[in-house]
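Step one of this worksheet: look at the structure below.
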There are 2 protein chains.
Amino acid sequence: MPATPRSRRERPAKPALTREGIVGLAVGILRAEGLHKVTMRRLAQELDTGPASLYVYVRNTAELHAAVLDELLGTLAPPPAEGDWRERLERVLIAYTGMLLEYPSLARSALTAWPSGPHYLDLIESLLGLLDEGGVPRERAAWGVDLLLQRATATAAEHAGGDSRDDWDALGDALGEVSARAHPHIAAASGLLLSGAPEARASWAFQALINGIEHTAVPEPHE
Amino acid sequence: MPATPRSRRERPAKPALTREGIVGLAVGILRAEGLHKVTMRRLAQELDTGPASLYVYVRNTAELHAAVLDELLGTLAPPPAEGDWRERLERVLIAYTGMLLEYPSLARSALTAWPSGPHYLDLIESLLGLLDEGGVPRERAAWGVDLLLQRATATAAEHAGGDSRDDWDALGDALGEVSARAHPHIAAASGLLLSGAPEARASWAFQALINGIEHTAVPEPHE
DNA sequence: ACCTGAACACCGTTCAAGT
DNA sequence: ACCTGAACACCGTTCAAGT
């Protein structure tokens, strides 16, 4: 009797037609080919079925993307144990941003289709824990996590799609050509607006956010 | 001789096949039917030509969207003249956010395809002017505008696409079901995380941002 | 140069029908 | 219930050919 043909083993076994199987397959395609290849049709093809079959397990493409993101969040390193709370908070946020920057189109998707999976909750828990450690009042911390997570997601999302370099250049040109008459403040700040290494800007932005959250009172009847 | 048929005048005259004509038509379709109808094919159809013709005037869909946004930015009210600088700054940002909230998918698009049109420059000029009035150091102001504009854009973008209400509910459920053992900080803050009227949160967020920008030093060699 | 029809290579989602 | 093929109603962009 011949053994199971080798070719069967060259690729990972065809995933099961279950939510886990679909999401896992989606993660694989994302890693190998990018989010634009993670389509219902492609997934179905790989599972030897029609696209309609997937709708039993996922509501739509947006929900699938959110599930994929939560899966990736699970691969993030745990929050650092050493350093000042501000520094550790920044490191968690930079790690999250970094992961999203590997898949900017997923970040773009996450901005609209909010994740609510277990790993996303872990991330929120880390942020709240660190803010609490820093003595930031609970209400400010609660409202603040939205600011921090949104900054991370939006920053990564900006790199999705078309050459963001082109846009940067275009804006740079526009800022440079500005007349000191019509736009005096831009003219005065033009060198500064796009200055600095991305890392330095990212770090500054998170510290500014943290400072702002720490020192801005939430309105009274925070119901 | 018969006059020009009336039907010719029932709709606005067919725009010219120029960049202005295309962008203007796009704005009209956006207002009437939403961004998802602003497609190359639809535009071409309305101009009695094939989609290929448009590529002489716009590089691609993303660039078209950016042009549309800049056009809409031109309809924004001028910055308010009364009140404390912080208050006026917030009002400019809220007005911008409000406009984007009318077209969340355009906001989503703006996050990736940066506008660099004249009206966008005016907006940057306003922000820099108000920060300067508040005595915020130039370098902080320059880096800060990115934070402020990104917050506005991302907040509006979150409302694009699928029911953001569903996601909110899903996250609310997930946060509520959390175990105090695994996620103590979430459990303690669960009521707070999604609390508050959208307006109150938006206002707080901008004030926190402004405070953070004002009080966070930019690193030394700000090259 | 500008303009075009046709083609390439796809999409998400729904529906009626089967098991 | 779960699963499916086929259909509906589209996309953006490129290319070769015309004027």
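Throughout, a chain's letter reflects where its sequence line sits, starting with A, and its residues are numbered from 1. Because only heavy atoms are used, hydrogens play no part in the values below, and waters and symmetry mates are left out as well, while side chains stay in.
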Would you kindly give the [atom1]-to-[atom2] distance between [X] and [N], to the nearest whole Å?
X       : N      : atom1 : atom2 : value
A/Gln45 : D/dT4  : CD    : C1'   : 16 Å
A/Leu17 : D/dA1  : CG    : C1'   : 13 Å
A/Leu35 : C/dC11 : CG    : P     : 12 Å
B/Leu43 : D/dC10 : CG    : P     : 15 Å
A/Leu54 : D/dG5  : CG    : C1'   : 14 Å
B/Arg42 : D/dA9  : CZ    : P     : 16 Å

Original post:
Are A/Glu102 and A/Arg31 ion-paired here, with the side-chain N under 4.0 Å from a carboxylate O?
Top reply: no

Original post:
Have A/Thr112 and B/Glu158 got a donor and an acceptor in their side chains that come within less than 3.5 Å?
Top reply: no

**OP:** Check the side chains of B/Glu125 and A/His185 for a donor-acceptor pair under 3.5 angstrom, ignoring hydrogens and angles.
**Re:**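 Yes, side-chain donor-acceptor contact under 3.5 Å.
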
Expressed as a whole number of Å, how far does the [atom1] atom of [N] sit from that of [M]?
N      : M     : atom1 : answer
D/dA9  : C/dA9 : P     : 25 Å
D/dT14 : C/dC3 : C1'   : 14 Å
D/dC10 : D/dA6 : C1'   : 16 Å

Subject >> Contact under 4.0 Å: A/Thr49 side-chain N or O vs D/dC3 OP1/OP2 >> reply: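 No.
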
**OP:** Kindly state which residues belonging to residues 22-32 of chain B come within less than 4.0 angstrom of DNA chain C, counting heavy atoms of the residue only, listed by number.
**Re:**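 Here the set is empty: none.
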
Original post:
Looking at A/Thr153, A/Leu209, A/Leu123, which hits side-chain contact (heavy atoms from CB on, under 4.5 Å) with A/Leu148?
Top reply: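 Filter result, single survivor: A/Leu209.
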
Original post:
Using the ring of each side chain (for Trp, its six-membered ring), is A/Trp143 parallel, tilted or perpendicular to B/Trp204, with breaks at 30° and 60°?
Top reply: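 Geometry flag for B/Trp204 against A/Trp143: perpendicular rings.
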
Checking [X] side chain against [Y] main chain: does a donor-acceptor pair fall under 3.5 Å?
X       : Y        : result
A/Arg19 : A/Tyr57  : yes
A/Asp70 : A/Tyr120 : yes
B/Thr75 : B/Glu71  : no

**OP:** Determine the contact category for A/Ser53: base if any of its heavy atoms lies under 4.0 Å from a base atom, sugar-phosphate if only primed atoms, P, OP1 or OP2 are that close, otherwise nothing.
**Re:**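 Base contact.
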
Original post:
What one-letter contact string describes nucleotides 13-18 of chain D from 5' to 3', where B marks a base within less than 4.0 Å of any protein heavy atom, S marks contact via sugar-phosphate atoms alone, and - marks no contact?
Top reply: BBB---

Subject >> Secondary-structure notation, DNA chain D, from Watson-Crick and G-U pairs under 3.5 angstrom (| other strand) >> reply: ||.|||||...|||||.||

